[in-house]
Amino acid sequence: MKSILVMGGSDFIGSALSRHLIRSGYQVDILTKGNRPINYKDFKQHIICNRHDRNDIEQNLSTKNYEYIFDMTAHSKDEVKNLLDFIDTTYLKKYIVLSTGAVYKDSSKKAKEDFEKGDNNNLYREYYFFERISQEKPIPVPHGKNVMTQFIYIDDLVRVLESIIHKPHVREAYNVTNPQIISWQELIQTCGEVTGKSPIIKLVDINKIEYEERSYFPFKNIDYTLEIDKLIEHGLYIPNIFLREGLEKSYNWYLYNKPKLTDNKMDKIEDIIRIG
């Protein structure tokens with residue numbers, strides 16, 4: 001049985017990965033600050049530790065050894081070094097870091113945290129669209145440049161991460177996303193399809209409106225597409241849950257759980273709508 005440490009197993013990605021690894025038969029320890037409860041079971045140990053405190057790391061991890069470490073919470077090389085300085089690396093095979101724009105030691109990946117969808121997502125994005133559509137409220141959408149993007153469903157992401165364990169490649173950086181490329185309007189129209197209602201889309205000319213796009217839209221209005229050639233070349237799991245299927249899963253979870261989420265950055269929605 002492979003021993004794994006998940007750094008940050010209480011957030012959206014970390015909890016999904018931990019639950020997947022546990023279901024797949026791995027022995028999983030979770031390290032968090034302890035600020036959020038762990039809402040699943042069957043992990044081996046929940047280690048509560050401040051990764052920025054070297055004494056705390058030494059006290060909690062100096063006697064531990066793992067074959068694999070998945071790090072969801074590192075933002076710098078020093079944060080990785082703090083961990084590796086004290087953990088027993090005798091049996092460590094891979095240290096896998098999720099990052100939005102950096103490459104770290106051993107098998108790494110670049111994940112687009114802003115563009116993930118799935119059950120238990122704590123970001124107010126696709127749920128925002130579901131709410132506006134179901135309540136028949138207009139959805140302001142930036143218009144004036146041709147922005148294209150990609151999404152990945154969380155079940156696909158965790159399978160990609162697990163597949164890294166089984167491949168020999170190290171010191172690599174992988175782009176991880178679904179190959180389907182879409183526009184904002186395609187995203188919102190698909191949300192409408194899964195809710196069974198037609199969305200009311202209000203196009204906002206970004207060349208005429210002074211408001212910053214993020215103040216009325218849940219995503220940054222930028223092209224964000226990735227090539228996954230290396231993922232394919234190295235024989236890793238290829239994401240295959242496309243937009244419609246992923247949104248159907250997310251919508252079903254949303255209907256059952258009715259999460260209470262907000263996005264404080266989107267404080268100009270009603271202003272934009274009133275402008276007409």
Side-chain angles (χ1 to χ4, degrees), residues 11-13 75 98-101 110-154 157 176-178 180-226 241-276:
D11 62 5
F12 173 45
I13 301 175
H75 293 93
L98 278 76
S99 169
T100 55
K110 293 184 179 180
K112 302 186 306 173
E113 295 178 354
D114 284 353
F115 296 85
E116 289 155 349
K117 49 186 165 51
D119 305 348
N120 206 33
N121 191 339
N122 57 358
L123 299 176
Y124 189 53
R125 286 170 181 166
E126 64 265 36
Y127 303 147
Y128 161 75
F129 297 133
F130 294 154
E131 285 184 4
R132 300 291 291 190
I133 294 169
S134 63
Q135 296 168 12
E136 299 183 350
K137 293 182 177 180
I139 301 173
V141 179
H143 179 67
K145 62 180 179 180
N146 187 29
V147 173
M148 304 301 290
T149 192
Q150 294 159 291
F151 287 81
I152 183 169
Y153 191 72
I154 190 65
L157 176 59
V176 180
T177 188
N178 187 287
Q180 183 181 17
I181 299 175
I182 63 167
S183 67
W184 296 135
Q185 291 192 59
E186 287 173 315
L187 167 63
I188 298 168
Q189 291 291 355
T190 307
C191 286
E193 291 173 11
V194 303
T195 61
K197 289 188 176 182
S198 296
I200 303 170
I201 295 177
K202 174 182 172 57
L203 297 179
V204 180
D205 191 334
I206 61 174
N207 299 306
K208 296 180 180 180
I209 298 295
E210 295 182 357
Y211 291 113
E212 199 274 325
E213 293 107 293
R214 190 61 181 84
S215 69
Y216 60 87
F217 196 67
F219 297 99
K220 293 179 180 179
N221 189 37
I222 57 174
D223 282 314
Y224 208 111
T225 59
L226 299 173
I241 298 176
F242 288 89
L243 184 67
R244 174 66 184 260
E245 180 183 357
L247 285 174
E248 285 176 346
K249 293 174 181 288
S250 297
Y251 184 58
N252 289 333
W253 186 90
Y254 163 80
L255 288 177
Y256 183 79
N257 292 276
K258 294 293 184 182
K260 302 298 182 182
L261 299 172
T262 58
D263 184 339
N264 293 330
K265 291 182 179 180
M266 290 196 296
D267 59 353
K268 302 299 182 184
I269 297 173
E270 299 308 321
D271 290 349
I272 290 290
I273 292 172
R274 280 195 295 269
I275 288 173

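Position 1 is the first residue of the sequence; numbering continues from there.
To the nearest 0.5 angstrom, I154 atom CD1 is 10.0 Å from S250 atom OG. For the atom pair OH of Y124 and CG of D263, the computed distance is 8.5 Å after rounding to the nearest 0.5 Å. Annotation: the span from I182 atom CD1 to T225 atom OG1 amounts to 12.0 Å, rounded to 0.5 Å. Rounding to the nearest 0.5 Å places CG of L203 at 5.5 Å from NE2 of H143. Residue I139 holds its CD1 atom at 14.5 Å from CD1 of I272, rounded to the nearest 0.5 Å. Summarising the geometry, atom CZ belonging to F151 is positioned 14.0 Å from atom CG belonging to L157; distances are rounded to the nearest 0.5 Å.
Ring pair Y127/F130 is tilted by interplanar angle, where 30° to 60° counts as tilted.
Between D267 and R214, no side-chain nitrogen of the basic residue sits less than 4.0 Å from a carboxylate oxygen of the acidic one, so the salt-bridge criterion is not met. Using a cutoff of 4.0 Å between basic side-chain nitrogens and carboxylate oxygens, R244 and E193 are scored as salt-bridged. The pair R132-E270 meets the salt-bridge criterion, since a charged nitrogen lies less than 4.0 angstrom from a carboxylate oxygen.
Annotation: K145, atom NZ; neighbour count of heavy atoms from other residues, nucleotides and ligands within 6.0 Å is above 12. Sparse packing is recorded around NZ of K260, with 12 or fewer heavy atoms of other residues, nucleotides or ligands lying under 6.0 Å away. When the shell of 6.0 Å around NZ of K197 is examined, it contains more than 12 heavy atoms from other residues, nucleotides or ligands.
V141 is not listed as a side-chain neighbour of V204, based on a closest heavy-atom distance of 4.5 Å or more. You'll find the side chain of M266 stays beyond 4.5 Å of the side chain of Y216, heavy atoms only. Using a 4.5 Å heavy-atom threshold, the side chains of V194 and E248 count as touching. Taking 4.5 Å as the limit, every side-chain heavy atom of F219 sits out of range of all side-chain heavy atoms of V147. When side chains are defined from C-beta on, W184 does not count as touching I201, because their heavy atoms never get closer than 4.5 Å. F242 has its side chain within reach of N178: a pair of non-hydrogen atoms, C-beta onward, lies under 4.5 Å apart. Looking at heavy atoms from C-beta onward, Y254 lies in side-chain contact with P259 at the 4.5 angstrom threshold.
In this structure a side-chain-to-backbone donor-acceptor pair under 3.5 Å is present from D223 to M148. Using a distance-only test at 3.5 Å, with no hydrogens or angles considered, a donor-acceptor pair links the side chain of Q180 to the main chain of L243.
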Check step by step if side chain to side chain donor-acceptor pair (under 3.5 Å) holds for E245 and Y153.
CA-CA 9 Å; E245 180 183 357; Y153 191 72; over 6 Å; no

Check the pair K137 / I200 against side-chain contact (heavy atoms from CB on, under 4.5 Å), numbers first and verdict last.
CA-CA 7 Å; K137 293 182 177 180; I200 303 170; over 6 Å; no

Determine whether C191 and L247 satisfy the following criterion, side-chain contact (heavy atoms from CB on, under 4.5 Å), listing intermediate values before the conclusion.
CA-CA 7 Å; C191 286; L247 285 174; 3.9 Å; yes

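Here the closest non-hydrogen pair linking I133 and G192 is CD1-N, 3.6 Å. Contact detail for I273 and P138: the closest heavy-atom pair is CD1-O, 3.9 Å. For the residue pair I206 and G144, the shortest heavy atom distance occurs at CG1-CA, 4.1 Å. Of all non-hydrogen atoms in G246 and I241, the two that sit nearest each other are N-CG2, 3.7 Å.
Under the 3.5 Å distance criterion, with hydrogens and angles disregarded, no donor-acceptor pair is assigned to the side chains of Y251 and E126.
Geometrically, K258 does not engage Y256 in a cation-pi contact defined by less than 6.0 Å to the ring centre and at most 45° from the axis.
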